[in-house]
Trainee: 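Please read through the structure below; I'll follow up with questions.
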Amino acid sequence: MLAPLVGDMHGLLPQPDEPKGRLVVIEARGGDDKDAHGHRVDTIPICNAIIARGYACVPVFYADADAARVASVLAGCDGYVHRVAPGDE
């Protein structure tokens, strides 16, 4: 169910077996601030820094059409980092 929301996981560290908690980094698709894998250039490094501290963390793409699905993902998390600029999906 998460696959279309998380996109390419290239460069993401393995998730911890017993995470201290679960976080997501929310971003929007598209725009000129993305790397070759569709993420903002700092998204995977942010996720990896969180993972290195013992938390599970994946990037999640937000779009208005997926708002309910994103909300259900957030309901199972302990927190999130919001990386969607005003005017983006």
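Predicted model, so just to flag it, every value in this text is computed and none were measured.
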Trainee: Going by atom types only, do Y62 and D64 share a side-chain donor-acceptor pair under 3.5 Å?
Mentor: yes

Trainee: Is there a donor-acceptor pair under 3.5 Å between the side chain of D78 and the backbone N or O of L23?
Mentor: no

Trainee: Considering residues at least two apart in sequence or located in another chain, which fulfil the salt bridge (charged side-chain N to carboxylate O under 4.0 Å, His left out) criterion with D42?
Mentor: R40, R83

Trainee: Quick check, are the ring centers of F61 and H39 under 6.0 angstrom apart?
Mentor: yes

Trainee: Going by the rule side chain to side chain contact (heavy atoms under 4.5 Å, CB included), which residues pair with H10 if we only count those two or more places apart in sequence or in a different chain?
Mentor: D8, H37

Trainee: Evaluate the side-chain proximity of L74 to Y80: yes if any heavy-atom separation is below 4.5 Å, no if none is.
Mentor: yes

Trainee: Is there a chain of hydrophobic side chains (I, L, V, M, F, W, Y, each step under 4.5 Å between heavy atoms) that links V73 to M9?
Mentor: yes

Trainee: Quick one: are V41 and D33 in side-chain contact, heavy atoms under 4.5 Å?
Mentor: no

Trainee: Please list, one pair per line, the donor and acceptor atoms closer than 3.5 Å that link side chains of residues 47-59 to other protein atoms, with sequence neighbours excluded.
Mentor:
residue : atom : partner : partner atom : Å
N48     : OD1  : L13     : N            : 2.7
N48     : ND2  : G11     : O            : 2.9
R53     : NH1  : A49     : O            : 2.8

Trainee: Any side-chain heavy atom of V24 sitting closer than 4.5 Å to one from V81?
Mentor: no

